[in-house]
Amino acid sequence: MTSDGSKIVVCPQGPLIVRGEFTIEDGHGQEVPTNRTTVALCRCGSSAIKPFCDGTHKLKNFEKRS
Amino acid sequence: MKLPPQRGPVSAELIDLLRTFAPENDQTACDDRLVVPLESEDILFSDDLQLSLFVLYELHYRGFDEVDERWEWNPQLLALRARIEEQFERKLREIAMDVSYVPGDAQAVAQQLFTLANDDGGPSVSNFIAREATLEQAQEFLIHKSIYQLKEADPHSWAIPRLNGRGKSALMEIQFDEYGAGRPGAMHSELFALTMRGLELDAEFGAYIDRLPAITLASVNMMSLFGLHRRLRGCIAGHLAIYEMTSSIPNARYARGFRRLGFDTPVTDYFDEHVEADAVHEQIAGRDLAGGLIEYDPTIATEVFFGAQAACAVDALVGEHQLTAWRSGKSSLRTATERMPA
């Protein structure tokens, strides 16, 4: 079986979309469980379910030019 | 599901036909004339026509108990469906307002859809559920949602063979997740059934059909209309995109509301799951599904945005119906009097 590794999309004003083969670990080396093969990781810092995105960036001015 | 009780002349004739005759015996029933007198009525609020359309569409999904499955492709029923759809689509185009799409790449499409979702001034059912809904109102909320959520993702699956390239891959990625990523019991529709049962509701699809007002049926009929017509494939993509984009934040509020009412897992699982899932889906749906579709065929852009705007407009009417009833201390479901046979 071949693998393409993983790919990360930086969504403007939004999260990082991570797709492919990856594991996520916290600062203590503990794996952060997820059932998804594609995840959205918080970039704005406001998510209530970090490291995952919960859409809160839409309520903030994250990366928006005023 | 069982055939629902009729709500007027068209649905009465239709339901009677489905119940009584075998398709090979009857090719003349469901006279077109039945649909004409209702032209002046607002079809979005027509109990008779929305129920008829729901029944006609449901023949393509799971059918009805003891109804001959051959009705699905009966020419007379398809003709009746087309007549109702014509009125329905015209009305949807009217309420969706003009599309103001500025041509651009997939990211530009996503951005414009996010703006549309953000500007959606529809009434906030999610704030109401989060802060003040009673247990009965929370149950009603689930009953309204159940007519779609117990078959969640199915109307959008009709689009799969009609797309290609980046848009199709995106749709598949979203749908795979909606259907539980291959894990039995994890389909979003199954999570919703757990939520319903947790509130002592019947989670059988269609169990509450007779209690649902026309506008709730219209919101699910709109998805079937967009999904079942190849011509409207852009609309179903736009519909899915805007649904995903207006989902994660409201679902966090729903979860909060159900916790406020004393519920926790597994009742809240459905909402918690959607906060995380739809934060992923909204990115894929906006950029790769809608954006990819428009990049491949720029002529479809207006239809994508129409689908999105129609979804916002109809759901605003559903929300308005619910909140108006609840704020005046009434049920948002059809009352016993309304459900009396005509």
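- The environment of B/Y296 atom OH is sparse: at most 12 non-hydrogen atoms of other residues, nucleotides or ligands sit within 6.0 angstrom.
- Atom CD1 of A/I49 and atom CG of B/D272 lie 8.5 Å apart (nearest 0.5 Å).
- Rounded to the nearest 0.5 Å, atoms OG1 (A/T56) and CD1 (B/I249) are 5.5 Å apart.
- Across all their heavy atoms, A/A40 and B/V280 have their closest contact at N-CG2, 3.4 Å.
- Few gaps surround CG on A/D26; more than 12 heavy atoms of other groups in view lie less than 6.0 Å from it.
- Between A/R19 and B/I284 the shortest side-chain heavy-atom distance falls below 4.5 Å.
- Minimum heavy-atom separation, B/S248 to A/G55: OG-CA, 3.8 Å.
- When B/G180, B/A252, B/G286, B/A277 are compared by the number of non-hydrogen pairs under 4.5 Å with chain A, B/A277 comes out ahead.
- Scanning both residues, A/D54 and B/V275, for their nearest heavy atoms gives CB-CG1, 3.4 Å.
- A/K58 places no side-chain N or O within 3.5 Å of a backbone atom of B/F114 that could act as its donor or acceptor partner.
- Under a 4.0 Å N-O distance rule, the pair B/E173/A/R36 does not qualify as a salt bridge.
- Interface remark: B/E276 contributes backbone and side-chain atoms alike to the contact with chain A (heavy atom separation under 4.5 Å).
- With a 4.5 Å cut-off on non-hydrogen atoms, A/S47 does not touch chain B at all.
- Of the atoms belonging to B/A186, not a single heavy atom falls under 4.5 Å from chain A.
- Taking A/I17, A/L41, A/L59, A/T38 one by one and counting their heavy-atom pairs under 4.5 Å with chain B, the maximum is reached by A/T38.
- For A/K7, the NZ atom counts as loosely surrounded, since its 6.0 Å shell holds 12 or fewer non-hydrogen atoms of other residues, nucleotides or ligands.
- Heavy-atom pairs under 4.5 Å with chain A peak, among B/N118, B/D278, B/D177, at B/D177.
- At most 12 heavy atoms of other shown residues, nucleotides or ligands fall within 6.0 angstrom of atom CZ in B/R131.
- In terms of heavy atoms, A/G14 sits closest to B/Q283 at CA-NE2, 4.3 Å.
- Within the 4.5 Å cutoff, the side chain of A/P15 has no heavy atoms near those of the B/E282 side chain.
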